[in-house]
Protein chains: 2
Amino acid sequence: MARRSDHSREEIREMALSAAEKIVFEQGYEKLSARKVATAIGYTVGTLYLVFENIDDLILNINARTLDRLHAQMTESPPKPGKAREYLLQLGHVYIRYANEDPHRWAMVFEHRFAEERTIPAWYQEKIARMFAVVEEGIEPLAMGRPREEITQAARAIWGGVHGICILALTDTLGVAGVDSVQELTRSLISNYLKGFTGN
Amino acid sequence: MARRSDHSREEIREMALSAAEKIVFEQGYEKLSARKVATAIGYTVGTLYLVFENIDDLILNINARTLDRLHAQMTESPPKPGKAREYLLQLGHVYIRYANEDPHRWAMVFEHRFAEERTIPAWYQEKIARMFAVVEEGIEPLAMGRPREEITQAARAIWGGVHGICILALTDTLGVAGVDSVQELTRSLISNYLKGFTGN
DNA sequence: ACCTGAACACCGTTCAAGT
DNA sequence: ACCTGAACACCGTTCAAGT
């Protein structure tokens, strides 16, 4: 059993987050529990409540890291002038790939319902907004002078669409064989939408 | 306490399902529990396991009813010749409206993860397939002679897309104000996709 | 000061025992 | 035959008590 001052509060937080991430990554988020995390880091449950408000708080912090990882992958290769269409297809591809490689943590971001009392902190919402921003910037070159709100709407429609395909695929609702056909579906969604949006 | 032969097995099943549906409808599915359902119908938990295999089995049966209700609403007004585009927009509208009026039961269908051991029965998968079929039939008139698989893919892309917008909206991820803007987003997704798909 | 460990109010699931 | 009720192995959360 770890004893006092073995680790700082920050260290315990970090250890708990990593242990929790590992459990979710490997076993899915319904397998996550405060007791399991505590055991994994050699402390008792009580200690967890010293560094996290509650389980939702722990989950929120795991989700934040997942969003960071996803965002990093989406911004890995920057848009090239004159290749806006390819860039958006690439974004969709990266999104699907991430969901496929890390399905449990990805699912936790979008499926965990936080207790209704809980207000999602601004810094967290910012992480979501940042992802829309990436898509929005990707669309901009194709929107030539159209009002901001039309661009925003297009970004939302596209991201929502890709997200939905992703979910239906991961829950086997689409009756789709493998990742490849999901990638194809996403291509179909994005390129047809863009054809409609840009009008050709 | 209800005693033997007060109700047939079928009656208990029906009572349990209704009580469970009520709990989910009103309080959300994280509030559902075997003990609550049992208490609501005047039996003990043990009895529930006489008529359902386990909680997943109960949930699957609630979900089946939700899918029936959704399907009924989607097929309420049949497609009119020459109005294929309007029909598809209408389908999207009905889908969003349903999710908005019955968010908890709708969410349970798409968010509950059944235990991995559990194989989803064919009659249930059929209920999902039936919904794709509706969308597919809606697209057909616009696809004039294109191969079946392209129509199937378009149906999946559209349904996935509408579904994704719906989820992001209900989880407040889209930062969308109300139902109206969700309906607008859906319109945007469907009509732009169709413009691209039909090529004009 | 830091952490434990036991308590409380819940879960899903099983099954011997009662009527 | 039908249903109960208690048990088992879990939860999240709190907090007096120990070191």
Side-chain angles (χ1 to χ4, degrees), chain A residues 1-17 19-21 23-24 26-63 104 108 111-118, chain B residues 1-17 19-21 23-24 26-63 104 108 111-118:
Chain A
M1 257 324 80
R3 285 275 149 201
R4 55 172 119 156
S5 303
D6 268 14
H7 306 97
S8 70
R9 242 177 163 73
E10 259 323 307
E11 282 170 332
I12 295 178
R13 237 185 108 88
E14 180 54 39
M15 287 160 66
L17 269 175
E21 278 193 298
I23 293 171
V24 176
E26 289 171 357
Q27 309 172 43
Y29 101 104
E30 45 293 329
K31 303 289 182 185
L32 181 68
S33 89
R35 280 176 171 82
K36 271 191 204 159
V37 173
T39 306
I41 64 171
Y43 282 84
T44 57
V45 234
T47 303
L48 226 57
Y49 286 80
L50 243 63
V51 291
F52 293 104
E53 234 176 275
N54 47 38
I55 275 284
D56 271 6
D57 186 24
L58 174 65
I59 290 175
L60 189 97
N61 280 280
I62 300 175
N63 286 353
H104 291 137
M108 193 164 79
E111 286 174 15
H112 178 69
R113 292 275 173 272
F114 292 100
E116 273 180 45
E117 312 82 67
R118 191 180 181 84
Chain B
M1 262 317 86
R3 286 273 150 204
R4 56 173 118 154
S5 302
D6 269 12
H7 306 98
S8 71
R9 242 178 166 72
E10 260 322 306
E11 282 170 332
I12 294 178
R13 238 185 107 86
E14 180 54 40
M15 287 159 66
L17 269 176
E21 278 193 299
I23 293 170
V24 176
E26 289 172 356
Q27 308 172 43
Y29 100 105
E30 45 292 329
K31 303 289 181 186
L32 181 68
S33 88
R35 280 175 171 84
K36 271 191 203 158
V37 174
T39 306
I41 64 172
Y43 282 83
T44 58
V45 235
T47 304
L48 226 56
Y49 286 80
L50 244 63
V51 292
F52 292 104
E53 233 176 275
N54 48 37
I55 275 283
D56 270 5
D57 187 25
L58 173 65
I59 290 175
L60 189 98
N61 280 279
I62 300 175
N63 286 353
H104 291 137
M108 193 165 79
E111 286 175 14
H112 178 69
R113 292 275 174 275
F114 292 100
E116 272 180 43
E117 313 82 67
R118 190 177 182 86

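As a basis for the values below, the full set of heavy atoms in this structure was taken, side chains included, without hydrogen atoms, waters or symmetry mates. Order of the sequence lines fixes the chain letters, A, B, ..., with proteins taken first and strands second; residue numbering starts at 1 for each chain.
- Looking at A:Asn61 and A:Arg13, their side chains come closer than 4.5 Å, going by heavy atoms from C-beta outward.
- Within the 4.0 angstrom heavy-atom criterion, no nucleotide atom of any strand lies near B:Lys31.
- Separating the CE atom of B:Met15 from the P atom of D:dC3 is a distance of 10 Å, rounded to the nearest angstrom.
- Look at CZ on B:Phe114: it is 15 Å from P on C:dG12, rounded to the nearest Å.
- As rounded to whole Å, 11 Å separates atom P of C:dT4 from atom NE2 of A:His7.
- The CZ-C1' distance, from A:Arg13 to C:dC3, rounds to 18 Å in whole Å.
- The nearest whole Å value for the distance from the CD atom in A:Gln27 to the P atom in D:dC10 is 13 Å.
- B:His112 places a side-chain heavy atom less than 4.5 Å from the side chain of B:Asp56.
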Could you spell out the base pairing of DNA chain D as a dot-bracket line? Use Watson-Crick and G-U wobble contacts where both distances are under 3.5 Å, [ ] for crossing pairs, | for partners on a different strand. ||.|||||...|||||.||
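- When side chains are defined from C-beta on, B:Phe114 counts as touching B:Asn63, because their heavy atoms get closer than 4.5 Å.
- Pairs passing the salt bridge (Lys or Arg N to Asp or Glu O under 4.0 Å) check and including a residue from residues 31-49 of chain B, sequence neighbours excluded, do not occur.
- Annotation: A:Glu26, atom CD; neighbour count of heavy atoms from other residues, nucleotides and ligands within 6.0 Å is above 12.
- Put simply, B:Thr44 has no side-chain N or O that comes within less than 4.0 Å of OP1 or OP2 on D:dC3.
- The distance from atom NZ of A:Lys36 to atom C1' of D:dG12 is 14 Å, rounded to the nearest whole Å.
- For the pair B:Tyr49/B:Ile55, a side-chain contact is recorded, criterion being any heavy-atom separation below 4.5 Å from C-beta on.
- Look at OH on A:Tyr43: it is 11 Å from P on C:dC2, rounded to the nearest Å.
- Along DNA chain C, the nucleotide nearest to A:Ile12 and the one nearest to B:Ala34 differ in position, and the one closer to the 5' end is contacted by A:Ile12.
- Residue B:Arg113 is tested with A:Glu30, A:Glu111, A:His104 for a side chain to side chain donor-acceptor pair (under 3.5 Å); the sole match is A:Glu111.
- For B:Arg35 and D:dA9, the CZ to C1' distance is 12 Å, given to the nearest whole Å.
- Here the side chains of B:Asp6 and B:Glu11 are not in contact, with every heavy-atom distance at 4.5 Å or above.
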Could you check A:Ile59 against A:Leu32 for side chain to side chain contact (heavy atoms under 4.5 Å, CB included), going step by step and ending with a plain yes or no? CA-CA 9 Å; A:Ile59 290 175; A:Leu32 181 68; 4.0 Å; yes
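- Of the residues in residues 46-60 of chain A, A:Gly46, A:Tyr49, A:Asn54, A:Ile55 come within less than 4.0 Å of DNA chain D through at least one heavy atom, sorted by number.
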